[in-house]
Colleague: 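What follows is a single structure, and I will ask about it in a moment.
Every chain is numbered from 1 and lettered A, B, ... according to where its sequence line falls, protein lines coming before strand lines. None of the values given here were measured: they were computed from a predicted structure.
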Protein chains: 2
Amino acid sequence: MSPTHTEVTVAPADLDPCGHEDHPDCGIRDVLDRIGDKWSVLVIVELASEPRRFRELQRAIDGISQRMLTLTVRRLERDGLVLRTVYPTVPPKVDYRLTATGASLTHLVKTLADWSVTHRPVIAEARHQYDQAHPDLDIRSA
Amino acid sequence: MSPTHTEVTVAPADLDPCGHEDHPDCGIRDVLDRIGDKWSVLVIVELASEPRRFRELQRAIDGISQRMLTLTVRRLERDGLVLRTVYPTVPPKVDYRLTATGASLTHLVKTLADWSVTHRPVIAEARHQYDQAHPDLDIRSA
DNA sequence: CAGTATCCATGCCGATACTG
DNA sequence: CAGTATCGGCATGGATACTG
């Protein structure tokens with residue numbers, strides 16, 4: 001880590017992984033880079049109803065490690081989607097809640113979930129068909 | 001969608017990475033596992049307007065490798081989001097188009113893009129603030 | 001043109017151990 | 001409780017070469 005460097009991080013082109021703005025693509029990748037990872041949405045969903053403490057989140061989100069929860073909430077905090085509040089008590093208490101921006105994401109997430117529920121059977125069937133038709137081919141491990 | 005199959009496909013735990021259905025989480029992770037990767041949405045966006053051939057896709061999607069385009073369209077095909085058509089000509093011609101299910105995703109993608117465009121400035125600012133306040137901390141490389 | 005096949009780098013993520 | 005630090009596996013994805 002060696003935190004002793006005064007150099008100002010310029011952070012150029014931080015939000016623009018792809019080169020051209022005229023394409024409608026870029027915005028999408030941007031959101032997905034934010035919530036497309038393994039845990040972010042689950043944290044957001046969990047915080048949608050009410051603020052949660054660190055351990056509460058960890059217990060609520062099945063399978064997440066301490067490390068990943070920390071990383072996930074830190075990133076969400078950095079992006080201004082989650083507000084982190086530290087109460088200087090002993091033992092320490094920290095809670096997390098959605099900011100206004102973060103809360104606006106819950107609608108989006110709901111839309112995603114709805115789509116999934118609606119189309120899940122069709123997709124499952126499509127997969128089944130495909131795997132029947134291509135028994136030798138294995139996409140998953142390719 | 002022509003539900004002409006009597007056999008109830010059990011689909012053994014293929015679509016259910018997390019263990020419990022009562023949580024609202026699972027559906028979301030499901031979509032994200034499908035479109036959350038690096039290229040899928042870009043392919044979908046590109047196919048939204050009209051069918052495309054393989055090379056057309058590759059040229060349209062800046063930076064995608066041959067390998068990744070193949071993998072991406074294959075997965076989308078397997079999930080029944082994209083239809084692949086081979087014309088037995090020489091040289092070979094293959095085109096890809098969205099299925100009805102795939103097309104239904106474009107609305108979703110549009111929603112994502114809109115959210116991104118709307119909130120991008122706020123998020124950029126939040127990041128900036130955060131990085132100012134925590135100059136030593138580096139989340140990106142953690 | 002439309003792919004396969006192979007090799008390899010990165011980095012996401014999990015497991016574990018330790019701290020204020 | 002709420003983290004940090006370290007190590008290591010494994011999947012994702014890029015580069016390159018080859019094929020029908």
Side-chain angles (χ1 to χ4, degrees), chain A residues 1-3 17-18 29 32-43 46-47 51-78 82-97 134 136-142, chain B residues 17-18 29 32-43 46 51-78 82-97 134 136-142:
Chain A
M1 294 290 132
S2 61
C18 57
R29 280 253 42 86
L32 290 179
D33 288 344
R34 198 154 280 110
I35 66 165
D37 69 292
K38 194 169 180 182
W39 301 110
S40 292
V41 276
L42 302 182
V43 169
E46 210 54 45
L47 295 180
R52 293 287 163 87
R53 302 180 57 175
F54 187 87
R55 295 290 321 220
E56 289 178 332
L57 279 175
Q58 192 175 5
R59 273 188 292 265
I61 301 173
D62 186 83
I64 195 171
S65 67
Q66 210 162 19
R67 167 186 151 80
M68 285 320 293
L69 181 53
T70 303
L71 283 176
T72 304
V73 292
R74 282 293 182 285
R75 284 194 274 250
L76 292 174
E77 189 197 1
R78 180 164 106 104
V82 157
L83 179 67
R84 175 172 176 267
T85 313
V86 182
Y87 302 90
T89 62
V90 52
K93 171 180 172 178
V94 178
D95 73 22
Y96 298 89
R97 69 194 64 208
H134 312 269
D136 48 337
L137 183 56
D138 184 14
I139 296 211
R140 286 125 296 183
S141 76
Chain B
C18 58
R29 281 253 40 88
L32 290 179
D33 288 345
R34 200 153 278 111
I35 66 165
D37 69 293
K38 194 170 181 181
W39 301 109
S40 290
V41 276
L42 301 183
V43 170
E46 210 53 45
R52 294 286 163 89
R53 302 180 57 174
F54 188 86
R55 294 289 323 220
E56 289 178 332
L57 278 175
Q58 192 174 5
R59 273 188 293 266
I61 302 173
D62 187 82
I64 195 172
S65 67
Q66 210 162 18
R67 167 186 150 81
M68 286 318 294
L69 182 53
T70 303
L71 282 176
T72 303
V73 293
R74 282 296 182 285
R75 282 195 275 250
L76 292 174
E77 187 196 3
R78 181 166 104 103
V82 158
L83 179 67
R84 175 173 178 267
T85 313
V86 182
Y87 302 89
T89 61
V90 50
K93 170 180 174 178
V94 178
D95 74 22
Y96 299 89
R97 68 194 66 208
H134 311 269
D136 50 334
L137 184 56
D138 184 15
I139 295 209
R140 287 125 293 182
S141 77

Colleague: Quick check: on DNA chain C, is the nucleotide nearest A:P92 upstream (toward 5') of the one nearest A:D37, or the reverse? Name the residue that is more 5'.
Modeller: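 Nearer the 5' end of the strand: A:D37.
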Colleague: Rounded to the nearest Å, what distance is computed from the CG atom of residue B:L71 to the P atom of nucleotide C:dA2?
Modeller: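 Distance check: B:L71 CG to C:dA2 P gives 17 Å.
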Colleague: Grab the CG-C1' distance between B:L69 and C:dG3 for me, whole Å please.
Modeller: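 Roughly 10 Å, once rounded to whole Å.
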Colleague: Hey, what do you get for CG (A:L32) to CG (B:D37), rounding to the nearest 0.5 Å?
Modeller: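 These two atoms lie 8.5 Å from each other.
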Colleague: Starting at atom CD1 of B:I61, determine the distance to atom P of D:dG13, rounded to an integer number of angstrom.
Modeller: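 Atom-to-atom, B:I61 to D:dG13, this comes out as 13 Å.
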Colleague: I want to verify a distance call: between C:dG14, D:dG3, C:dA2, whose nearest atom is closest to the A:T70 side chain?
Modeller: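 Looking only at side-chain atoms, A:T70 lies closest to D:dG3.
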Colleague: Taking the minimum atom-to-atom distance to the side chain of A:K38, which one of D:dA2, C:dC1, C:dC13 wins?
Modeller: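 For A:K38, the side-chain atoms sit closest to C:dC13.
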Colleague: Is there, by distance only and without an angle test, a donor paired with an acceptor across the side chain of A:R67 and the base of D:dG3 below 3.5 Å?
Modeller: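 Absent.
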Colleague: Looking at OG of A:S40 and CG of A:D33, how far apart are the two atoms once the value is rounded to the nearest 0.5 Å?
Modeller: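 The OG atom of A:S40 sits 11.0 Å away from the CG atom of A:D33.
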Colleague: From the options C:dG3, C:dG14, D:dC1, select the nucleotide whose nearest atom is closest to the side chain of B:F54.
Modeller: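 Of C:dG3, C:dG14, D:dC1, C:dG3 is nearest to the side chain of B:F54.
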Colleague: Using purine N1 to pyrimidine N3 plus N6-O4 or O6-N4 for Watson-Crick, or N1-O2 and O6-N3 for G-U wobble, both under 3.5 Å, which nucleotide pairs with C:dG20?
Modeller: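 Across any shown strand, C:dG20 pairs with D:dC1.
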Colleague: In terms of side-chain heavy atoms of A:Y96, which of C:dC13, D:dG3, D:dG13 is nearest?
Modeller: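 Between C:dC13, D:dG3, D:dG13, the one nearest the side chain of A:Y96 would be D:dG3.
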Colleague: Just N and O in the side chain of B:R75: are any of them under 4.0 Å from OP1 or OP2 of D:dT12?
Modeller: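 So the side-chain polar atoms of B:R75 never come under 4.0 Å of the phosphate oxygens OP1 or OP2 of D:dT12.
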Colleague: First locate atom OG1 of B:T70, then atom CZ of B:R75, and finally report the distance between them rounded to the nearest 0.5 Å.
Modeller: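 Between atom OG1 of B:T70 and atom CZ of B:R75 there are 10.5 Å.
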Colleague: Can you identify which nucleotide, out of C:dC1, C:dG3, C:dA17, has its nearest atom closest to the A:Q66 side chain?
Modeller: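 Nucleotide nearest to A:Q66's side chain: C:dA17.
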Colleague: Rounded to whole Å, please give me the gap between CD in B:E56 and P in C:dG3.
Modeller: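 Spelled out: CD on B:E56 to P on C:dG3 is 13 Å.
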Colleague: Roughly how many Å is it from CZ in A:R52 to P in D:dA2, rounded to a whole number?
Modeller: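 A:R52 atom CZ is separated from D:dA2 atom P by 13 Å.
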Colleague: Do the side-chain N or O atoms of B:R55 get closer than 4.0 angstrom to the phosphate oxygens (OP1, OP2) of C:dA2?
Modeller: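 Looking at the OP1 and OP2 atoms of C:dA2, neither is under 4.0 Å from any side-chain N or O of B:R55.
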Colleague: Evaluate A:R97 against A:L47 for side-chain contact (heavy atoms from CB on, under 4.5 Å), listing each step before the verdict.
Modeller: CA-CA 6 Å; A:R97 69 194 64 208; A:L47 295 180; 5.8 Å; no
Colleague: Run the numbers on B:R74 and B:R84 for side-chain contact (heavy atoms from CB on, under 4.5 Å), then give the verdict.
Modeller: CA-CA 9 Å; B:R74 282 296 182 285; B:R84 175 173 178 267; 3.5 Å; yes
Colleague: Between D:dC1, D:dA2, C:dG14, which nucleotide gets closest to the side-chain atoms of A:M68?
Modeller: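 Of the candidates, C:dG14 comes closest.
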Colleague: Between A:R59 and D:dA2, does any side-chain N or O lie under 4.0 Å from OP1 or OP2?
Modeller: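 No, A:R59 has no side-chain N/O under 4.0 Å of OP1/OP2 on D:dA2.
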Colleague: For A:W39 and C:dC12, what is the distance between atoms CH2 and C1' respectively, to the nearest whole Å?
Modeller: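 One finds 12 Å between C1' of C:dC12 and CH2 of A:W39, rounded.
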Colleague: Given D:dG14, C:dC1, C:dA2, which nucleotide is nearest the side-chain atoms of B:S65?
Modeller: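 In terms of side-chain proximity for B:S65, the closest of D:dG14, C:dC1, C:dA2 is D:dG14.
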Colleague: In sequence, state the C-alpha distance, the side-chain angles, and the governing distance for B:E46 and B:L42, and then conclude on side-chain contact (heavy atoms from CB on, under 4.5 Å).
Modeller: CA-CA 6 Å; B:E46 210 53 45; B:L42 301 183; over 6 Å; no
Colleague: Nearest-Å distance, CG (A:L57) to P (D:dA2)?
Modeller: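 That distance rounds to 9 Å.
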Colleague: Rounded to whole Å, please give me the gap between OH in B:Y87 and P in C:dG3.
Modeller: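 Rounding to the nearest Å, OH of B:Y87 and P of C:dG3 are 13 Å apart.
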Colleague: Would you say B:R74 places a side-chain N or O within less than 4.0 Å of OP1 or OP2 belonging to C:dT4?
Modeller: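 Checking C:dT4 against B:R74, a side-chain N or O does come within under 4.0 Å of OP1 or OP2.
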